[in-house]
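A short worksheet on the structure shown next.
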2 protein chains.
Amino acid sequence: MSTTQPAASPRRRAAPPAAALDLSPLAGHVGFQLRLAQQQVFDAFHRGFSATGITPARYAVLALLHANPDVQQGHLAEALRVKPPNMVALLAEMTAQGLVDRQVDAANRRAYLLRLTPAGRALYEKLTPEILAMEQQVAHRLTPAQYATLIRLLAKLSPA
Amino acid sequence: MSTTQPAASPRRRAAPPAAALDLSPLAGHVGFQLRLAQQQVFDAFHRGFSATGITPARYAVLALLHANPDVQQGHLAEALRVKPPNMVALLAEMTAQGLVDRQVDAANRRAYLLRLTPAGRALYEKLTPEILAMEQQVAHRLTPAQYATLIRLLAKLSPA
DNA sequence: TTTCCATCATTATGGAGTATAACGATTGGC
DNA sequence: GCCAATCGTTATACTCCATAATGATGGAAA
């Protein structure tokens with residue numbers, strides 16, 4: 001006995017195994033699993049794209065404006081489940097970045113119609129494959145079929 | 001001859017159909033679906049339990065302390081993916097509520113060992129079936145088998 | 001036409017969750 | 001005894017999400 005262990009670095013005790021605690025009471029709660037999963041995706045997003053100045057919320061704006069040009073600001077906010085005051089700040093940043101163009105709706109001068117600038121469209125088309133690849137990296141333990149199932153089941157939790 | 005319509009409230013035009021916009025570019029992104037799903041569960045939690053002073057994070061503490069009595073504060077924080085400074089605030093509230101008991105670890109007087117008080121244990125046992133019922137209400141569009149599949153796939157997104 | 005209310009966006013503000021840096025107290029190897 | 005690592009704490013800041021109040025515009029009714 002008494003074999004001297006490798007002692008990777010001197011003057012430091014062995015890292016305690018930390019005796020992983022029992023997580024089973026939370027394992028069956030969808031709320032807890034959702035929080036952990038979203039933290040994973042969110043962290044990966046920021047690790048990969050913070051240099052571009054793009055956040056998940058801003059990418060969602062790019063995606064919806066790409067598919068829905070000339071949409072009203074309030075309708076976009078409703079679709080993304082963002083309150084109007086927060087949409088104001090989001091769009092102020094994106095117009096300052098030159099990604100989004102706002103113009104008064106001639107038929108209703110209270111409203112703004114939104115569309116992507118050419119720079120916004122180019123950024124969306126450049127980012128989309130990278131973001132999809134990042135998400136599949138986070139889900140690397142799922143088969144493509146399992147990934148599709150996950151997306152489909154998650155969609156059933158949100159209102160139609 | 002021009003039958004007067006019900007006109008639920010006078011002086012108000014019909015609610016505009018709002019022309020739902022195309023969400024398909026985001027439908028395949030797991031990050032977006034996770035955000036919407038978590039918002040659903042989080043909102044339901046607060047609607048149902050805000051009166052009890054219990055938040056999702058506090059319930060998670062109750063659950064882990066119930067299954068892991070006398071765990072170190074730092075180990076609990078690590079298991080819940082909460083940073084130590086935030087765990088301090090969380091436990092300060094719960095000890096003030098009389099739900100958690102903290103005592104110095106005699107074998108390591110820097111550390112605190114945590115356990116539920118009888119009131120904490122009683123609250124955990126009372127809340128658990130109510131919270132599980134609330135989560136299944138949020139997931140009412142999923143069969144039990146689909147719900148189990150969702151939990152299992154979500155768990156695969158988080159590190160083991 | 002004038003009046004009144006609804007709509008749309010904005011400003012101001014606050015709460016909750018999460019992050020880092022710095023600090024005091026304690027521990028244990030040298 | 002010295003010194004670095006550990007454990008918890010304080011101070012602080014940033015992001016996300018929410019409500020209330022305001023200004024501008026639109027539209028229907030008096």
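Each chain gets a letter, A, B and so on, in the order its sequence line appears, and its residues count up from 1. Only this structure's heavy atoms are used, side chains among them; waters, hydrogens and symmetry mates stay out.
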Under 3.5 Å, which N/O atoms of the protein pair with N/O atoms of nucleotides 14-17 of chain D?
residue: D:dC17; atom: OP1; partner: B:Arg35; partner atom: NE; Å: 3.2

I'd like to know if the side chain of [X] reaches the main chain of [Y], judged simply by a donor and an acceptor atom lying under 3.5 Å from each other, with no hydrogens or angles considered.
X        : Y        : answer
B:Asp101 : B:Thr117 : no
B:Gln40  : B:Val138 : no
A:His46  : A:Asp43  : no
B:Asp105 : B:Leu113 : no
A:Thr95  : A:Ala92  : yes
A:Gln33  : A:Gly28  : no

Once you measure the plane-to-plane angle for B:Tyr59 and A:His29, does it fall in the parallel (<30°), tilted (30-60°) or perpendicular (>60°) bin?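 Geometry flag for A:His29 against B:Tyr59: perpendicular rings.
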
What integer distance in Å separates [X]:[atom1] from [N]:[atom2]?
X        : N      : atom1 : atom2 : value
A:Leu114 : C:dC8  : CG    : P     : 13 Å
A:Asp43  : C:dG17 : CG    : P     : 17 Å
A:Tyr112 : D:dG23 : OH    : C1'   : 12 Å
A:Leu36  : C:dG17 : CG    : P     : 15 Å
B:Leu113 : D:dG8  : CG    : C1'   : 13 Å
B:Glu78  : C:dT18 : CD    : P     : 16 Å

Enumerate the salt bridge (Lys or Arg N to Asp or Glu O under 4.0 Å) contacts for residues 57-76 of chain B, please, sequence neighbours excluded, ordered by first and then second residue.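 Checked against salt bridge (Lys or Arg N to Asp or Glu O under 4.0 Å) - neighbours excluded - the pairs reaching residues 57-76 of chain B are B:Arg58-B:Glu93, B:Asp70-B:Arg115.
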
Are the side chains of [X] and [Y] in touch, meaning some heavy atoms are under 4.5 Å apart?
X        : Y       : value
B:Met134 : B:Arg47 : no
B:Glu78  : A:Leu21 : no
A:Leu99  : A:Val61 : no
B:Arg35  : B:Gln39 : yes

Any chance you could encode DNA chain C as dot-bracket? Rule is Watson-Crick or G-U wobble with both distances under 3.5 Å; [ ] for pairs crossing earlier ones, | for another strand. ||||||||||||||||||||||||||||||

Reckon A:Gln73 has a side-chain N or O less than 4.0 Å from the OP1 or OP2 of C:dT10?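 Yes.
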
With B for base contact, S for sugar-phosphate-only contact and - for none (protein heavy atoms under 4.0 Å), nucleotides 21-26 of chain C reads B---BB

Considering only distance and modelled atom types, tabulate donor-acceptor pairs under 3.5 Å from the side chains of residues 144-160 of chain A, sequence neighbours left out.
residue: A:Gln146; atom: OE1; partner: A:Thr143; partner atom: N; Å: 2.9
residue: A:Thr149; atom: OG1; partner: A:Ala145; partner atom: O; Å: 3.0

Can you pull out the residues from residues 87-105 of chain B that lie within a 4.0 Å heavy-atom distance of DNA chain C?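 Of all residues in residues 87-105 of chain B, none places a heavy atom under 4.0 Å from DNA chain C.
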
